Amino acid sequence: MSADLSRLYADHLAIQRTRADAALARGGFDHLVVPSGTQHYQVFDDRDYPYAVNPHFKAWLPLTNTPGSWLVYTPGERPKVIYLQPHDYWHVVPQAPNGDWVEHFDIHIIRNPDDAKQHLPKNANRCAILGEAQSALGQYGAFAPNNPPPVLDYLHYHRAYKTPYEIEMMREATRIGVRGHRAAERAFHSGASEFGIHLAYCQAARQDANDLPYNNIIALNEHGAVLHYTDRDRQAPRPVRSFLIDAGGSHRGYASDITRTYAADPGSEFKGMIEAVDAAQLAMCAQVRADTDYRTIHLDAHLALAKILRDFDLINVAPEIAVETGVSSAFFPHGIGHGIGLQVHEVAGFAASDAGGTIAKPEGHPYLRLTRTLEPGMVVTIEPGIYFIDMLLDALKDKGLGPSVNWDRVAAFRPFGGIRIEDDVVCTEGAPINLTREGFSNA
Ligand code: GLY
Ligand code: MN
Ligand code: MN
C-alpha cells in the first residue's frame with residue numbers, strides 16, 4: 001500500500017475502534033470477539049464449499065482467506081489477531097502475517113483451531129462474540145457466538161458510513177470490475193457464448209468465480225428477463241440480439257456491483273431504449289445527495305421508467321397512471337438499489353437507528369432493500385431496469401390491466417430480454433461520486 005493508503009487504513013482502524021467502544025457499551029460487554037469463520041463441507045462428503053469470511057472480521061483486516069482465525073478487541077488495548085496457520089501439506093495454508101495491517105495488531109500464531117482458546121479473553125460471558133455458530137471451539141462449544149442485538153444493531157447501522165479507506169477499496173474493486181466488463185463487451189461483439197463471455201470476464205478481472213463478490217449474471221437475448229440468471233449457455237444463440245451483464249470485482253474484502261446492457265444492432269430500437277434508460281439512470285445517480293430519502297429515488301425511478309415505456313409505446317396510459325396502477329412494477333419489478341461495501345447487499349438497509357427499529361418500505365414495493373435517508377459516506381447502487389417478463393405481464397391481464405399495455409410492442413421487445421444499468425455511487429457533502437462511471441472513463 002502507498003503511504004497515503006496506509007494512513008487511510010490507520011484512520012479506518014481508529015474508526016472501527018471507536019465504533020466498537022460504543023457498541024460494547026451499548027451491550028454491556030468488555031471485549032469484542034470476532035471469529036473469521038470456518039470452512040463448510042457438503043453433506044456426507046469431504047468436499048468443501050467456497051470459504052466466505054465473516055464480514056465483521058474483514059471490517060478490520062484485509063484478510064479474506066484465513067479460516068479459523070480470531071480478532072479480539074478490548075477498549076483501550078491494541079487489537080489482537082489470533083492467526084491460524086495450520087501445519088498442513090494438503091492445502092495451501094495462509095502465509096505468515098504480512099502487509100500493512102500487521103503493525104496495528106498483536107498477533108498470535110496458532111497451529112490448531114482449538115488453540116485459539118488460550119489467547120481469547122478468560123471470561124466468555126464478558127464477550128460480544130459475532131459470527132456463525134460453527135465458529136465455536138472444541139467439543140463443548142466454547143466461545144460460541146452470542147451475536148448480541150444491541151452490539152450488532154450499532155455496528156451494522158454505522159457500517160453504512162464508509163471511511164475514506166473503504167471508498168478507496170471500492171474504487172479498486174470497481175477498476176477490477178471495469179476491466180472485466182470491457183473484455184466481456186468485446187467477447188459479446190465477437191459472438192462468444194454466455195460461458196465464453198464469463199471466462200473472458202474472469203480472465204480480464206483476474207478473479208475466479210469464487211473471488212467475485214457475487215455470481216456473474218451474463219445473459220444473452222431473452223435471458224436478460226431473468227433477474228438473477230446465473231446459468232451460462234455454452235453456445236451462443238442465433239441471432240444474438242442483446243447482452244445484459246451484472247458483474248463486479250472484489251478488493252481486500254470490498255465489492256463493486258456493475259450492470260451494463262448492450263444491443264447487437266446499433267441501429268435498433270432496443271439500443272434507443274438502452275440510451276433512454278442510461279440517461280434516466282444518470283439523473284437518478286444525481287439524486288444521491290445528503291438528506292434524500294432513498295425511497296424517493298425509488299419512487300421517482302418508477303415515474304421516469306414509465307415515461308420511457310410510454311415513449312416507446314409499450315403502454316398507452318399516462319406514466320403517472322402506470323405507476324399508480326402497478327403497471328410500471330410489471331416492467332421494473334425490483335428495488336432501485338441497495339447499500340454496498342463489505343457485502344454486495346450491505347446490511348441494515350432498513351435500520352431506523354443504531355439502536356434498532358425499521359423504516360418501512362413504500363407500500364407495493366416489497367423488493368426495495370434500502371429505506372434510509374442518505375448521508376455523506378453512504379455508498380449505494382442505482383440500478384433501474386425495464387424487463388419483459390411474461391409471468392408479471394400476464395398477471396397484469398389477470399388484474400384487468402391488460403388494456404394499458406400495447407401487446408404487439410411487448411412481443412417486439414420480448415426477444416431482447418431486458419435492460420439494467422447499475423452504478424455504485426458515493427453520497428458526499430456535495431455532488432455524488434459515481435465510482436462506476438469514474439472507473440469506465442479512467443479505464
Ligand atoms: N448483482 C446483484 C444486484 O445487483 O443487486
Ligand atoms: Mn445491485
Ligand atoms: Mn448488480
Side-chain angles (χ1 to χ4, degrees), residues 52 55 159-160 162 170 173-182 184-185 194 197-198 201-202 205 207 209-219 223-232 242-251 253-262 274 277-278 280-282 284-285 287-288 294-295 297-298 301 305 332-350 361 365-372 374 378-387 389 417-427 432 434-437 439-440:
R159 198 203 280 173
K162 270 54 188 180
M170 295 174 73
T174 301
R175 282 189 201 109
I176 292 164
V178 165
R179 278 205 314 264
H181 273 259
R182 291 268 195 239
E185 183 187 359
E194 292 168 343
I197 297 170
H198 168 73
Y201 184 96
C202 291
Q207 301 207 331
N210 293 335
D211 305 323
L212 297 171
Y214 56 91
N215 222 339
N216 277 354
I217 296 169
I218 307 267
H223 292 160
V226 181
L227 297 182
H228 283 171
Y229 175 80
T230 51
D231 286 1
R232 284 162 201 140
S242 58
F243 172 37
L244 187 157
I245 169 167
D246 184 344
S250 302
H251 184 63
Y254 290 86
S256 62
D257 183 6
I258 304 170
T259 308
R260 289 293 180 267
T261 309
Y262 302 96
I274 294 172
V277 173
D278 191 61
Q281 193 264 3
L282 281 174
M284 295 166 204
C285 292
Q287 289 181 275
V288 177
Y294 192 77
R295 292 176 296 186
I297 304 181
H298 174 81
L305 294 167
F332 172 44
H334 58 73
I336 191 60
H338 48 86
I340 178 167
L342 286 164
Q343 297 170 216
V344 66
H345 294 154
E346 193 56 287
V347 287
F350 309 116
K361 297 173 209 175
H365 296 269
Y367 299 113
L368 185 59
R369 293 174 187 269
L370 178 63
T371 54
R372 289 168 69 170
L374 298 177
M378 287 183 167
V379 185
V380 299
T381 70
I382 296 290
E383 48 181 304
I386 290 178
Y387 311 87
I389 303 172
I419 298 170
R420 179 164 64 257
I421 297 175
E422 174 175 30
D423 293 343
D424 304 343
V425 185
V426 187
C427 180
N434 188 321
L435 295 174
T436 313
R437 301 274 170 166
F440 273 104

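Keep in mind the model is a prediction, meaning the values are calculated, not measured. One-based numbering, in listed order, for ligands and for the atoms of each. Scope of the values below: all heavy atoms of this structure, side chains included, with no hydrogens, waters or symmetry mates. If you read the sequence from its start, that first residue is 1, and numbering goes on from there.
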**Student:** Hey, what do you get for CD1 (Ile340) to CD (Glu422), rounding to the nearest 0.5 Å?
**Tutor:**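 It is 7.0 Å, given to the nearest 0.5 Å.
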**Student:** Does the plane of the ring in Phe332 sit parallel, tilted or perpendicular to the ring in His298? Use 30° and 60° as the thresholds.
**Tutor:**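 Phe332 vs His298 ring planes: tilted.
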**Student:** Using 30° and 60° as the class boundaries, would you call the ring planes of His223 and Tyr229 parallel, tilted or perpendicular?
**Tutor:**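 Parallel, since the angle between the ring planes stays under 30°.
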**Student:** Could you count the protein N, O or S atoms found under 2.8 Å away from the Mn ion (ligand 2)?
**Tutor:**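 For the Mn ion (ligand 2), the figure is 4.
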**Student:** Ion pair present between Glu346 and Lys162, side-chain N to carboxylate O less than 4.0 angstrom?
**Tutor:**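 A salt bridge is present here (some side-chain N lies under 4.0 Å from a carboxylate O).
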**Student:** Could you list the atoms of ligand 1 found under 4.0 angstrom from a heavy atom of Asp246?
**Tutor:**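 Once the distances to Asp246 are compared, the set is 1 (N), 2 (C), 3 (C), 4 (O).
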**Student:** Can you name the nearest heavy-atom pair linking Thr381 to Gly337, along with the distance?
**Tutor:**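 Answer, listing the atom of Thr381 first, then Gly337: OG1-CA, 3.2 Å.
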**Student:** In ligand 1, which numbered atoms sit nearer than 4.0 Å to a non-hydrogen atom of Glu422?
**Tutor:**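 In order of numbering, the contacting atoms are 4 (O).
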**Student:** Quick one: does any side-chain atom of Thr261 pair with a main-chain N or O of Arg420 as donor and acceptor, under 3.5 Å?
**Tutor:**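 Such a contact is found between Thr261 side chain and Arg420 backbone.
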**Student:** Determine whether the side chains of His181 and Arg260 contain a donor N or O and an acceptor N or O closer than 3.5 Å.
**Tutor:**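 Short answer, no.
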**Student:** Touching ligand 1 at all, His345? Heavy atoms, strictly under 4.0 Å?
**Tutor:**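 Contact present.
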**Student:** Looking at ligand 1, would Arg420 count as a contact under a 4.0 Å heavy-atom criterion?
**Tutor:**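 Arg420 does not count as a contact of ligand 1 under the 4.0 Å cut-off.
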**Student:** Main chain of Gly248, side chain of Tyr201: is a donor-acceptor contact present, judged purely on distance under 3.5 Å?
**Tutor:**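 Yes; judged by distance alone, with no hydrogens or angles, the pair exists.
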**Student:** Please identify which atoms of ligand 1 are closer than 4.0 Å to at least one heavy atom of Tyr214.
**Tutor:**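 What qualifies from ligand 1 is 1 (N).
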**Student:** Note the single closest protein heavy atom to atom 3 (C) of ligand 1, along with its residue, its atom name and the distance in Å.
**Tutor:**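 For this ligand atom, the closest protein heavy atom is Asp257 OD2, 3.3 Å.
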**Student:** Does any N/O atom on His228 come nearer than 3.5 Å to any N/O atom on ligand 1?
**Tutor:**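 His228 vs ligand 1: no N/O contact under 3.5 Å.
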**Student:** Quick one: are the ring centres of His345 and Tyr214 less than 6.0 Å apart?
**Tutor:**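 Aromatic pair excluded; centres sit 6.0 Å or further apart.
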